[in-house]
Amino acid sequence: MQMKLGKLLAETKTGEKRQIEPEKDGRGQKYEFELAGYHFFVRDMVKKTEESDEENQEYFIARRIVGKRKEASGKKEGIALSMYLEFGEETDIFRVGIPSAVYGAYVSREESTYHSFMEDRLTGVMLLLFDEDHKKSTVVQKMNPAKYIEKEERKRGEGRYLHKTETTSIGYGFGEAAYVKLCWPYEEREKSVALDSMETPAQAFYPLEEEQIELVLEYRVAHKECKTFTDGLYQEYQELSRRLVKRGEKTVRLPFSREEGIQLRRKCVGRTYREFGPDGAGFFFDFDPEYGYESEPSGFGTSFHTIPHKTYTHILEYGFTGRQLNIALDLAMHSEDYFRKAERVIDFFVNYCITENGWVYSLYDTEKGAPFASFGDASAPRLHYMYYEKCKGNYLRTMTEPMLDLLEAYLWYRKKGVKKEKWLESVIRFANFLLEKQNADGSWCRAYSMTGEPVYMNDREDYTTEENDRGRKASTIIPVMFLCALANCLGEEKYLQSAKKAGNYALEHEVRWELYQGGTMDNPNVVDKEASQYMMAGLYHLYQMTKSPEYLEGALCAAKQFVTWNYIWNAPMRKGNILFSRGFCTKGMGAINSIWCGGVVDIYSLFHIRELYLLGKEAEESFLIEMAEDISIATQQILSWSGDTMGFCDSGMQPEGFGICPQGMDEGMIEKGDIWGTLGWIYSAGISGMERYLKVIT
């Protein structure tokens, strides 16, 4: 594929635009112009590597920007410069891959919209164009990520503003040929979540206030043959990671061991245990770490409502963002003091949250003294984004997670000589519910009413029938680990057969298309980290049970996308917040979904880095092993300990989320550097998820 450097576009905040024709100089091209009282000299040095041949090509591009003040303009002004890379015309359509942002989108000659992303929103600053017809990929990567950033100079509502920063953006579109647009400073022109929920575009301009501005931007462009979209994305992500390591990108150095971090969390969550009524018990672990265990949880405003809601203080949650049974079992396993307390927590769930038909409540309101449906109950707290008013129901995921925890608790207590047959009966009742509701194609629906009817809450008129069907069944892989564990426990083939049917559906409808979405309850049809992570883990467990190579291959395909959701560089922090003051490093932290991208990170990747590590060993993919280790280290940051309480009320407290980029800043959502929490799932991730990993590496 031929690469062509396009014209330089220079633009000021006040609206003056210049397209500058290049002057060739043998090793690249240069531009010289005057704008807004400055004389600018820009030079693009292009070097083709010696390893390049006709099929596989590699270029390095260094853009040096120098701006010298000629005269004072008398007004505050800023500048933005753009570079276009155009690629040859072998095909009319490409599949686009941008880590943590774009996995399933296509750009074509017939229908092209420009999309761009600020670099600190991306877990790796790169863009892949995959030609499915010719099995070739073209990648553009930034080799010297931004290190410096200040606060935006803007008024609320402004979409064009001054911002002193090294942060760039990378975007794509299709004109006469496919192009990649590289901008300094950044722009998110087609739409952006940075400013508001209306996705108003954002464009930054570097302030023209210095006598001289000087900046170097370095890029790598490669054109290679590759078998699949995922292989191309994974191989280039790995390549970028290793080049960045050589340039000094490292994970954080922790002041305590990972084992000590587990102990800190364990002591902290134990303090949230409370008993109520004649037989009630649970962990009230949703609070603001700055104000203590009895406080309302901190959160952020959304266009729907505040997440998390103040009612979390009297809600017990057994799946998704609260894993009551997981915490109960862990504490029982490590302290005799919690042996009976945990039993009481689990008994309470079994007695009040499991219905006769096997359908499961995963929420209990201690003030009302009753469980409630996850959606459809107008009088109940609304805990997540999604809602549905036509009937009461629960999600497949929030039923499955506590039942897997219940099965594990049953097996452990049985080993200790305590037979809790009602626990096992409840597990089997739910498993039979799954078998009864499994569709002929092996899938399950994302949600079910209390009577067991499928709920199609995310159908959209602008979706095709196939897209709506995919959204309805996007959680199919989630019960697979549960069914594998139950088949292993009971030795009953029907549960393994059900798991295999679900795994086969996932292979055909998700792995085959290399698209993983709908992992969370919040945004049911969005590509997200949890979808690829659950796919990896579910198929790996099926492989362990069956040794069928197709499950190993499917798990590996999902894992190759899952790792791209985790940072391989350290995005710049801005002064004035806890992340900057504590030297927070993004390398190893996990992005959330393709809306926020890496603009928000959390520690959820911990849940299945055991499977990531074991899969790396099995498939001899060392990068998966390296990423598991980076994740295990990075996710211990901003955890309060004796040497630094982080401003929190106790050791072992940690935020739920970390803002790397602004998300809806004009609506009071998330600013760069914000933290919020805490919700109970971070204890499960940081204790159970971490410990499962440490056990297999030692």
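Residue numbers start at 1 and run along the sequence shown. Reckoned from all heavy atoms, side chains included, excluding hydrogens, waters and symmetry mates.
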Q: Please confirm whether F562 and H608 have ring centers closer than 6.0 angstrom.
A: no

Q) Listed by chain and number, what are the side chain to side chain contact (heavy atoms under 4.5 Å, CB included) partners of S688, not counting sequence neighbours? A) N326, R692

Q) Just by distance, with hydrogens left out, do Q654 and R265 show a side-chain donor and acceptor under 3.5 Å apart? A) yes

Q) Counting N and O atoms only, with roles assigned by atom type, does the side chain of E239 sit under 3.5 Å from a partner on the main chain of E236, one being a donor and the other an acceptor? A) no

Q) Is atom NZ of K68 surrounded by more than 12 heavy atoms (other residues, nucleotides or ligands) closer than 6.0 Å? A) no

**Q.** Side-chain donor/acceptor of T321 to backbone N/O of W681, under 3.5 Å
**A.** no

Q) Is there a donor in the side chain of E188 and an acceptor in the side chain of Y186, or the other way round, less than 3.5 Å apart? A) no

Q) Hey, is CZ on R574 packed in by over 12 heavy atoms from elsewhere, all under 6.0 Å? A) yes

Q.
Under a 3.5 Å distance rule, please check whether S169 uses its side chain to pair with a backbone N or O of S116 as donor and acceptor.
A. no

**Q.** Backbone N/O of A634 and side chain of Q637: donor-acceptor pair under 3.5 Å
**A.** yes

Q.
Keeping E11 on the side-chain end and I79 on the backbone end, is there a donor-acceptor pair under 3.5 Å?
A. no

Q. How would you list all residue pairs meeting salt bridge (Lys or Arg N to Asp or Glu O under 4.0 Å) that involve residues 559-571, not counting sequence neighbours?
A. D231-K560

Q: Kindly indicate whether the side chain of S52, heavy atoms from C-beta on, has any atom under 4.5 Å from the side chain of H223.
A: no

Q) Can we call the ring centroids of F584 and F658 under 6.0 Å apart? A) yes

Q | Close side-chain approach of K13 and Q203, heavy atoms under 4.5 Å | A | no

Q: Scan side-chain atoms only and decide if R121 and S100 contain a donor-acceptor pair under the 3.5 Å cut-off.
A: no

Q: Sorted by first residue and then second, give each salt bridge (Lys or Arg N to Asp or Glu O under 4.0 Å) pair with at least one member in residues 588-603; sequence neighbours left out.
A: K529-D602

Q) Do the ring planes of F623 and Y237 sit parallel (below 30°), tilted (30 to 60°) or perpendicular (above 60°)? A) perpendicular

Q: Could you tell me whether the side chain of Q561 reaches within less than 4.5 Å of the side chain of E514, counting heavy atoms only?
A: yes

Q: Of all the heavy-atom pairs spanning L208 and I213, show the shortest one and how long it is.
A: CD2-CD1, 3.6 Å

Q. What pairs with Y148 under side chain to side chain contact (heavy atoms under 4.5 Å, CB included), at least two apart in sequence or on another chain?
A. E150, K164, E166

Q.
Tell me if the CD atom of Q212 is crowded by more than 12 foreign heavy atoms within 6.0 Å.
A. yes

Q. Quick one: do the T123 and N566 side chains pair a donor with an acceptor below 3.5 Å?
A. no

Q.
Less than 3.5 Å apart, any donor N or O on the side chain of E629 or Y693 sitting next to an acceptor on the other?
A. yes

Q) Between R95 and D131, is there a side-chain N and carboxylate O pair less than 4.0 Å apart? A) no

Q: Output yes when a side-chain donor or acceptor of D44 lies under 3.5 Å from a complementary backbone atom of G28, and no otherwise.
A: no

Q | W565 side-chain N/O to G598 backbone N/O, donor-acceptor pair under 3.5 Å | A | no

Enumerate donor-acceptor pairs with a distance under 3.5 Å from any side-chain N or O in residues 248-256 to protein atoms, sequence neighbours excluded.
unit_1 : atom_1 : unit_2 : atom_2 : d
E249   : OE1    : N570   : N      : 3.0
E249   : OE1    : N570   : ND2    : 3.3
E249   : OE2    : K147   : NZ     : 2.4

Q) Centroid-to-centroid, H115 to Y172, below 6.0 Å? A) yes

Q. So, D674 side chain and E671 main chain: donor-acceptor pair closer than 3.5 Å or not?
A. yes

Q. Are any non-hydrogen side-chain atoms of W676 and I670 less than 4.5 angstrom apart?
A. yes

Q.
Just to verify, what does D196 make a side chain to side chain contact (heavy atoms under 4.5 Å, CB included) with, not counting sequence neighbours?
A. M198, T200, E667

**Q.** Y604 versus E656, side-chain donor and acceptor atoms under 3.5 Å
**A.** no

Q: State whether a side-chain donor-acceptor pair under 3.5 Å links Q235 with Q238.
A: yes

Q: Determine yes or no for a side-chain-to-main-chain donor-acceptor pair under 3.5 angstrom, with K181 supplying the side chain and G171 the backbone.
A: no

